[in-house]
Amino acid sequence: MPSRVEQISVNLAAVRDRIARACDAAGRGRDEVTLIVVTKTYPAEDVRTLAGLGVRHVAENRDQDAAPKAAACAELPLTWHFVGQLQTNKVRSVVRYADHVHSVDRPRLVAALSGAAVAAGRPLGCLVQVALDAESGDRGERGGVAPDAVGPLADAIAATDGLRLDGVMTVAPLAGRYAGQPRAAFDRLVEISSRLRETHPAANMVSAGMSQDLDEAVAAGATHVRVGTAVLGVRPGLR
Ligand SMILES: *Cc1c(COP(=O)(O)O)cnc(C)c1O
């Protein structure tokens, strides 16, 4: 049996190789894509291992798990990303460790994040989560705003104290016209990102692609891929 560290090391090398190949195939530089390892459900020990292997970006999706883990890893040179659906009563905790929240999807959350970020004295990077399966006016099954609501929400973030507009994020939809079409979904996200950068040129993060579809995301132009399973293994339970 390989040790946990060996296992993670082998998986990480394979994922880095996939990213490098996808960059090559797309004529993109390897430095145009940042790997964020999603450490949800895995212990602080694994986060420590990842940091030792050169990972600099990790993500979590539940504050209850993330807050103690981030505290246990506070001395490591890591940037923490929050990628889960976020309740306003959790934002005070999240802004203490998170540098970026990828799942901003409503004005009330913008207001709550602003208040908390200002109080914590830590500026917070925000990405608008786009639900490509949501109709105008609706929210997505797994969070996110419909494409036509991205502009107004982005404007609100950019105009709000304590927050910085970093870009857009999506999860490839399981239903609707993009189901089973991750490349088309990510192309659409990149189009939305280009429109957004006409008015917010610094909002250049495009967060897309997970273990299954990171290659398509890199091909489409993602700047950040969020990979859990392919690095750390299949999570027990569905999350
Ligand atoms: C869990 C999760 C990921 C990683 O998914 P894997 O399939 O394990 O790579 C990426 N993004 C979000 C928002 C997640 O919740």
Side-chain angles (χ1 to χ4, degrees), residues 4 7-8 10-19 22 33-43 46-47 49-50 53 55-67 69-70 78-87 90 94 97-106 109 125-134 139-145 150 166-175 178-183 185-186 189 193 205-220 222-239:
R4 179 67 176 148
Q7 202 177 62
I8 292 175
V10 167
N11 290 347
L12 182 63
V15 166
R16 283 174 166 158
D17 192 53
R18 267 174 79 187
I19 295 172
V33 179
T34 300
L35 169 63
I36 304 172
V37 179
V38 182
T39 51
K40 63 187 180 193
T41 76
Y42 288 103
D46 284 353
V47 177
T49 298
L50 289 165
L53 293 167
V55 168
R56 291 296 171 261
H57 295 264
V58 294
E60 288 280 330
N61 74 335
R62 285 161 53 95
D63 176 62
Q64 301 91 300
D65 303 330
K69 223 183 281 185
L78 290 170
T79 296
W80 290 78
H81 299 253
F82 191 88
V83 300
Q85 292 188 46
L86 182 52
Q87 255 122 43
K90 297 287 196 274
V94 168
Y97 57 86
D99 301 289
H100 307 269
V101 171
H102 291 225
S103 42
V104 179
D105 63 358
R106 56 202 192 280
L109 183 56
C126 294
L127 287 77
V128 175
Q129 182 178 345
V130 186
L132 294 169
D133 54 348
R139 300 251 312 284
E141 209 38 48
R142 295 190 278 176
V145 293
V150 171
D166 279 348
V168 290
M169 176 272 224
T170 204
V171 176
L174 297 174
Y178 290 108
Q181 313 272 354
R183 178 61 198 267
F186 299 145
L189 182 71
S193 166
M205 283 176 69
V206 178
S207 167
M210 320 201 304
S211 294
Q212 293 280 349
D213 50 26
L214 71 90
D215 323 81
E216 285 91 343
V218 170
T223 63
H224 291 71
V225 293
R226 310 177 309 267
V227 183
T229 309
V231 174
L232 293 170
V234 176
R235 289 177 293 276
L238 252 190
R239 270 195 197 171

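When a ligand or atom number is given, it counts from 1 through the structure's own listing order.
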* Structure fact -> Note: ligand 1 atoms sitting under 4.0 Å from heavy atoms of V83 are 12 (C), 13 (C)

* Asked: What class does the angle between the rings of H81 and H100 fall in, given that below 30° is parallel, 30 to 60° is tilted and above 60° is perpendicular?
  -> parallel

* Just jot down the ligand 1 atoms closer than 4.0 angstrom to any heavy atom of V227, in number order. => 9 (O)

* To do: Using distance alone, decide if ligand 1 has a nitrogen or oxygen within less than 3.5 Å of any nitrogen or oxygen in M169.
  => no

* Asked: When only distance counts, is Q212 in polar contact with ligand 1, meaning an N/O pair under 3.5 Å?
  -> no

* To do: Please state whether R142 comes within less than 4.0 angstrom of ligand 1, counting heavy atoms only.
  => no

* **Nearest non-hydrogen partners of H102 and V83, listed with the distance** => CG-CG1, 3.9 Å

* To do: Answer side chain, backbone, both or neither: which part of V38 comes under 4.0 Å from ligand 1, heavy atoms only.
  => side chain

* Are D65 and K40 within salt-bridge range, i.e. N to O under 4.0 Å? -> no

* Structure fact -> Contact region, R235 to ligand 1, non-hydrogen atoms below 4.0 Å, reads side chain

* Looking only at non-hydrogen atoms, find the nearest pair between A172 and F186 and report the distance. => CB-CZ, 3.9 Å

* Asked: Roughly how far, to the nearest 0.5 Å, is CD of Q129 from CG of L109?
  -> 10.5 Å

